[in-house]
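Here's the structure, in structure tokens; my notes come after.
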Amino acid sequence: MLDLRFVRQHLPDVREMLARRGLALDLDEFVRLDAEHREVLREVEQLRATRNLVSERIADLKKRGEPVDSQVAEMREVSAKVKELEGALAEKEQALEGLLAVIPNMPHPSVPLGVGGSANQVVRSWGEPPVFAFTPRPHWELGEALGILDLQRAAKIAGARFALYRGAGARLERGLMNFMLDLHTREHGYVEVLPPLLANRTSFYGTANLPKFEEELFKVEDSDFYLIPTAEVPVTNIHQNELLEASALPIRYVAWTPCFRREAGSYGKDVRGLIRLHQFNKVELVKFVMPETSYDELEALTREAEAVLQRLGLAYRVVALCTGDLGFASAKTYDLEVWLPGQGDYREISSCSNFEDFQARRANIRYRPAGRGKPRFVHTLNGSGLAIGRTVVAILENYQQADGSVLIPEALRPYMDGLERLSL
RNA sequence: GGAGGGAUGGCUGAGUCCGGUUGAAGGCGAUCGACUCGAAAUCGAUUAGGGGGCCAAAAGCUCCCUCGGGGGUUCAAAUCCCUCUCCCUCCGCCA
């Protein structure tokens, strides 16, 4: 969330930001509550100050064996009053916090302005979409024909939007996980972590998935747990409520996890195949960095995610999301979109964001600057490196052959026991 | 599941029985300084976080809050009571 004082002092900017994101959020209520809150706070503090003073005097008198009855009687009243006001104070505080929690992050000045997807900006492209002498088939046809994908039976087990991989398909999924983890740990300096797949409300609040996006999550009944929709949630919260040493930064984690999403409101979208599932695997990159380096780190993070696509020889483009498409917590986001011949379009396969201190403030993740100095919030970033299921889609569709077989990208073959081709 | 023991500053660790200059000893770490050609070692000093007010702002001054979370007792709570969460030890069960 944003800093309370920042919002107070930059109301016009915050209002403009809300407009740019295409949001109708009224800040008048915030302004009113903020003023009221401080008013009550001043009152309470004054009373508490007298209480402290007289208490000290009582202790003093008692030590000398003098009577304290009148002071005690006086304090009884003051304390009652304090208690009453503290109730009011807590109410105001909560209301204020509640409002602040649903204000999205400020976009970075470099973020393109606009509300629709058309305002997104292609920053660069890599690779050439393959040319086929035949009509390329969608991945679900290829996968089912090759016997590596069984969506019918997955539906029987769980329902729509689930996948069952078989044989070389399962192996391909696992190979990709390992390939990506190896790349990021060996060459990009990430530390591998394997986090819980359930997390509590506090953690979800920390990454700003709650309170606003509850409908996208699977909640575990009779518990405080939600299934993670991305490793971002547990991994970012590794350092929740910590004060890190400056020398420890930057911290880089890479995590493979399954991800679980309700996909409520996406009925009719991507209903076939592996594009949009309730459960999918993803390798996620997460960084904790010093504020002054976070935009360099975002560029680096994006390149690190791109490296996966490059090694796999998949054509893609990098898109800077416009203010209207930007996620709630993000200050700047690059989407990586891979070319999918079966769909004849580029589709998102990674999303790399700089949240600046938005998540760090919620999750209370700070660092102490070198030399003395007040603790500051770190900047957090994350990006997919990559979504595994969609990578399988891209490989199947881009490397398909006229005879229905699929070549395996060379970089991946060591992870497939040298297998060069998926065929019947 | 049963029985106990814990949670204190960046870390470690006293204080809790017997409530009152204890926001909190000592140690480690960090920062600054001395010594040194430099470093190490040694010595000295500094060092919890958050919030409000004054101030154009920084600095500064001042007040308030915080000893895992919440509630209670009391004029007054790190300290007493209740409750929740988490950690540890033992027993049982278990992938």
Side-chain angles (χ1 to χ4, degrees), chain A residues 1-11 30-101 194-206 210 220 222-226 234 237-249 251 288 290 357 360-378:
Chain A
M1 78 186 131
L2 295 176
D3 179 28
L4 175 68
R5 271 169 301 189
F6 174 86
V7 178
R8 185 186 296 151
Q9 287 163 16
H10 298 84
L11 271 176
F30 169 85
V31 174
R32 192 177 58 77
L33 265 171
D34 180 42
E36 284 176 7
H37 172 252
R38 276 185 292 167
E39 173 66 33
V40 179
L41 182 62
R42 203 168 314 144
E43 242 177 296
V44 171
E45 287 190 350
Q46 225 157 44
L47 281 172
R48 287 203 281 226
T50 22
R51 184 181 63 182
N52 291 343
L53 232 76
V54 178
S55 277
E56 220 168 293
R57 196 162 351 122
I58 290 175
D60 216 50
L61 289 172
K62 262 201 148 169
K63 213 177 288 175
R64 281 181 284 157
E66 293 179 30
V68 294
D69 294 356
S70 70
Q71 280 87 350
V72 167
E74 183 194 342
M75 278 308 94
R76 204 169 300 207
E77 274 174 49
V78 171
S79 281
K81 182 76 181 156
V82 166
K83 191 166 282 186
E84 184 189 321
L85 279 174
E86 278 175 345
L89 187 68
E91 260 174 56
K92 304 270 183 222
E93 224 170 67
Q94 271 179 20
L96 198 59
E97 174 107 4
L99 282 183
L100 208 56
L194 188 59
L197 306 182
L198 305 184
N200 57 33
R201 274 196 81 80
T202 306
S203 292
F204 277 84
Y205 181 84
L210 286 178
V220 179
D222 299 324
S223 81
D224 188 36
F225 299 132
Y226 295 81
N237 279 286
I238 288 175
H239 295 295
Q240 176 199 117
N241 284 321
E242 288 187 22
L243 213 184
L244 304 162
E245 290 299 330
S247 59
L249 302 177
I251 296 171
F288 303 80
M290 288 193 256
D357 63 6
R361 183 172 292 107
R362 288 176 163 243
N364 190 27
I365 308 168
R366 299 169 301 166
Y367 77 100
R368 194 182 293 283
R372 294 234 54 83
K374 285 284 170 193
R376 300 168 68 195
F377 290 113
V378 301

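All chains are named by letter (A, B, ...) in the order of the sequence lines, taking the proteins before the strands, and each is independently numbered beginning at 1. All figures in this text were calculated on a predicted structure; none of them were measured in a lab.
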Can you tell me how far [atom2] of [N] sits from [atom1] of [X], to the nearest Å?
{"X": "A/Leu96", "N": "B/G52", "atom1": "CG", "atom2": "P", "value": "11 Å"}
{"X": "A/Asp34", "N": "B/G52", "atom1": "CG", "atom2": "C1'", "value": "11 Å"}
{"X": "A/Leu243", "N": "B/G29", "atom1": "CG", "atom2": "P", "value": "19 Å"}
{"X": "A/Glu56", "N": "B/G19", "atom1": "CD", "atom2": "P", "value": "19 Å"}
{"X": "A/Glu245", "N": "B/U47", "atom1": "CD", "atom2": "C1'", "value": "12 Å"}
{"X": "A/Asn241", "N": "B/C67", "atom1": "CG", "atom2": "C1'", "value": "15 Å"}
{"X": "A/Phe225", "N": "B/C86", "atom1": "CZ", "atom2": "C1'", "value": "12 Å"}
{"X": "A/Lys374", "N": "B/U47", "atom1": "NZ", "atom2": "C1'", "value": "11 Å"}

*So how far is it from A/Ile251 CD1 to A/Leu244 CG, rounded to the nearest 0.5 Å?*
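Taking CD1 in A/Ile251 and CG in A/Leu244, the distance rounds to 4.5 Å.
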
_As an exercise, state the distance from CG of A/Leu4 to CZ of A/Arg38, rounded to the nearest 0.5 Å._
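One finds 7.5 Å between CG of A/Leu4 and CZ of A/Arg38.
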
Donor-acceptor contact present, side-chain [X] to main-chain [Y], <3.5 Å:
{"X": "A/Asn237", "Y": "A/Ser203", "value": "yes"}
{"X": "A/His37", "Y": "A/Leu33", "value": "no"}
{"X": "A/Arg366", "Y": "A/Lys374", "value": "no"}
{"X": "A/Thr50", "Y": "A/Leu47", "value": "yes"}

_A/Arg5, nearest nucleotide to its side chain (from B/G50, B/C75, B/G51)_ = B/G51

Using the [atom1] atom on both, measure [N] against [M] and round to a whole Å.
{"N": "B/G92", "M": "B/U16", "atom1": "P", "answer": "36 Å"}
{"N": "B/G23", "M": "B/G50", "atom1": "C1'", "answer": "13 Å"}
{"N": "B/A77", "M": "B/G19", "atom1": "C1'", "answer": "6 Å"}
{"N": "B/G9", "M": "B/G49", "atom1": "C1'", "answer": "8 Å"}
{"N": "B/G51", "M": "B/U42", "atom1": "P", "answer": "38 Å"}
{"N": "B/A78", "M": "B/U8", "atom1": "P", "answer": "16 Å"}
{"N": "B/C11", "M": "B/G5", "atom1": "C1'", "answer": "22 Å"}
{"N": "B/G52", "M": "B/A58", "atom1": "P", "answer": "12 Å"}

[X] versus [Y], closest heavy-atom pair with distance:
{"X": "A/Ile365", "Y": "A/His239", "result": "CG1-O, 3.4 Å"}
{"X": "A/Val378", "Y": "A/Ala360", "result": "O-CB, 3.2 Å"}
{"X": "A/Glu97", "Y": "A/Met1", "result": "OE2-CE, 3.7 Å"}
{"X": "A/Val40", "Y": "A/Leu85", "result": "CG1-O, 4.0 Å"}
{"X": "A/Ala246", "Y": "A/Arg368", "result": "CB-O, 3.1 Å"}

Collect all protein-nucleotide pairs involving nucleotides 69-73 of chain B in which both atoms are nitrogen or oxygen and the distance is under 3.5 Å.
| from | atom 1 | to | atom 2 | distance (Å) |
| --- | --- | --- | --- | --- |
| B/U73 | OP2 | A/Lys83 | NZ | 3.3 |

*Could you write nucleotides 53-66 of chain B as a row of B, S and -, 5' to 3', where a protein heavy atom under 4.0 Å of any base atom gives B, of only sugar-phosphate atoms gives S, and otherwise -?*
S---------BBS-

*Go through the steps for A/Glu86 and A/Arg48 under the test side-chain contact (heavy atoms from CB on, under 4.5 Å), then give the verdict.*
CA-CA 10 Å; A/Glu86 278 175 345; A/Arg48 287 203 281 226; 2.6 Å; yes

*Would you say the side-chain atoms of A/Ser55 and A/Asn52 include a donor-acceptor pair closer than 3.5 Å?*
no

*asked:* Assuming nearest nucleotide by heavy-atom distance, tell me which of A/Ile58 and A/Pro375 is located more 5' along RNA chain B.
replied: A/Pro375

*Just to confirm, is there a sub-4.0 Å distance from OP1 or OP2 of B/A76 to any side-chain nitrogen or oxygen of A/Ser79?*
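So the side chain of A/Ser79 is within the cut-off, an N or O lying under 4.0 Å from OP1 or OP2 of B/A76.
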
*May I ask you to evaluate whether A/Arg57 reaches the phosphate of B/C75, defined as a side-chain N or O under 4.0 Å from OP1 or OP2?*
no

*asked:* Are there runs of at least three consecutive Watson-Crick or G-U pairs touching RNA chain B, with each pair's two distances under 3.5 angstrom? Give them by first number.
replied: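 For RNA chain B the paired stretches long enough to count as stems (3 pairs minimum) are B:1-7 with B:85-91, B:10-12 with B:26-28, B:29-34 with B:42-47, B:48-54 with B:60-66, B:68-72 with B:80-84.
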
